[in-house]
Amino acid sequence: MKLEQLPQEFVKASVVIEEIEKHGFEAYFVGGSVRDTLLGKKSHDVDIATSAYPEEIKHIFKRTVDVGIDHGTVLVLHEEDQYEITTFRTESTYQDYRRPDHVTFVRSLEEDLKRRDFTINALAMDKEGTIIDLFHGLDDLQKGVIRAVGDPKERFHEDALRMMRGLRFASQLDFEIEKETLGAIYLFHSLLAKISVERIAIEFIKMLLGKNRQKGLTSFIETECYQSCPGLKERLTGLLAFSELPNRRIEEEGQAWTLLLKELNIASSDTRDFLKCWKLSNHLIHEVAELSFGLKQRLAGEWQAQELFRLGLEQSLSVEKIVPFYGQKADCEGTERKFSELPITERKQLRITGNDLLAEIDRQPGKWLGELIDRLEAAVINREVANDREQLLAFSRDFVKVEDES
Ligand code: ATP
Ligand code: MG
């Protein structure tokens, strides 16, 4: 098969392939970019595989960066673009069910394609667009099938992460996992325990954000892969509930974790620990905690001014976009309008500062000051008092007086 019209990024990159060929080596487009192009999807990166060894690539091109020389990858800078060029390789002696002990560079494309995970990922394409399909990947691509290259048991035994990759492709591409491949995932699911949480999390989240999340999740549950994932082992009921949410697409990672936490019935006090087990960044954990708070409030009724203020516009809209999972209509316009009507959107917009208050009120600094500012902020947001220096001051004097009397 030949692609008649190559997408622009391949046309541009073919100059690099040509240059390698001029030096007597082979080079092809490989992996995800070929798969995605055949599916009519835009691919984000163009990967190139070659028979030239890394040193030979560095000799051919003037501007290169060693990005993964041990694995045979050299980054070639060409005009304003950059390309990852990886030497054909085989991987051997997977002693611990994860990354290979060592890679061996080879001169044969076939050897290189053989070590790839799934047939749809083992396609290569030359610079003219001719597809090299040694494992019936085109057939599987057309039928929508995820099938391991070679014996699935061997392949998952070599590298257990491939099982999670299979599940995420099922979701991302809305493909079926072939029977033997699925059976091997079920058989070897417990090997996932050998894989680092970070690498599992990458595939897990891609699965949750995929086009047919339900499909990926159902297989994730049925093959029992969830049992080797942080915090999920004892949570089958919640996971099933999560997999039964309407099969709408989830747009962002924070939203995915928020929905998952809710379905797993994880209390807000346990959110942090759960997400820490997944090794998420503090930034993301904070976002998920805020979205979870927002979702709870929003499902209980209309947005309150103080909730919008706390979340900010971006997070409020992010919550709005997931209320349809619970049968409510998203009202992004209404949310934006309400947000724009807030008297203030940040504390620093208060027309009085802590220093002003200390100067005007005859009292030593203390806990009362923070409490007063919190109160002022809430009062302005709820329109109990105008955001005006004199009025804020009068309000503050009353506040202190009441405190003194009590
Ligand atoms: P994405 O679109 O998410 O980048 P991808 O298929 O390109 O998907 P990458 O992780 O970028 O995934 O890997 C590039 C290629 O390398 C794959 O298409 C596959 O051929 C091969 N590959 C990646 N990970 C593995 C693995 N664990 N085992 C075997 N081959 C793999
Ligand atoms: Mg890729």
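Counting starts at 1 for both ligands and their atoms, following the listed order. Quantities reported herein were computed from a predicted structural model and do not represent experimental measurements.
Contact atoms of ligand 1 toward G31: 18 (O) (distance under 4.0 Å to a heavy atom of the residue). Residue K206 approaches ligand 1 through these ligand atoms, each under 4.0 Å from one of its heavy atoms: 3 (O). Near R115, meaning under 4.0 Å from one of its heavy atoms, ligand 1 places the atoms 29 (C), 30 (N).
Heavy-atom minimum distance, D112 versus F88: OD1-CA, 3.4 Å.
The shortest N or O to N or O distance between F169 and ligand 1 is not below 3.5 Å. Considering backbone and side-chain atoms together, S33 places no N or O closer than 3.5 Å to any N or O of ligand 1. In terms of N/O distances under 3.5 Å, ligand 1 is not approached by D47.
Looking at heavy atoms from C-beta onward, R310 lies in side-chain contact with F293 at the 4.5 angstrom threshold.
Using a 30° and 60° split on the angle between ring planes, W257 and F204 fall in the tilted class, from 30° to 60°.
No donor-acceptor pair under 3.5 Å is formed between the side chain of S318 and the backbone N or O of Q315.
Salt bridge absent: E341 and K338 never bring a charged side-chain N and a carboxylate O closer than 4.0 Å. A salt bridge links D174 to K215: at least one charged side-chain nitrogen sits closer than 4.0 Å to a carboxylate oxygen. Between R298 and E307 there is no salt bridge, since none of the side-chain N atoms of the basic residue sits less than 4.0 Å from a carboxylate O of the acidic one.
Contact annotation: F118 has no heavy atom less than 4.0 Å from any atom of ligand 1. Ligand 1 is approached by R35 to a heavy-atom distance shorter than 4.0 Å. Heavy atoms of D159 approach ligand 1 to within less than 4.0 angstrom.
Nearest residue to atom 22 (N) of ligand 1 from R168, R165, Q172 is R165 (criterion: closest heavy atom). Here the shortest heavy-atom distance to atom 19 (C) of ligand 1, taken over D117, I195, D36, belongs to D117.
For the residue pair D356 and T353, a side-chain donor N or O sits within less than 3.5 Å of a side-chain acceptor on the partner.
In R116, the parts holding a heavy atom less than 4.0 Å from any atom of ligand 1 are both the side chain and the backbone.
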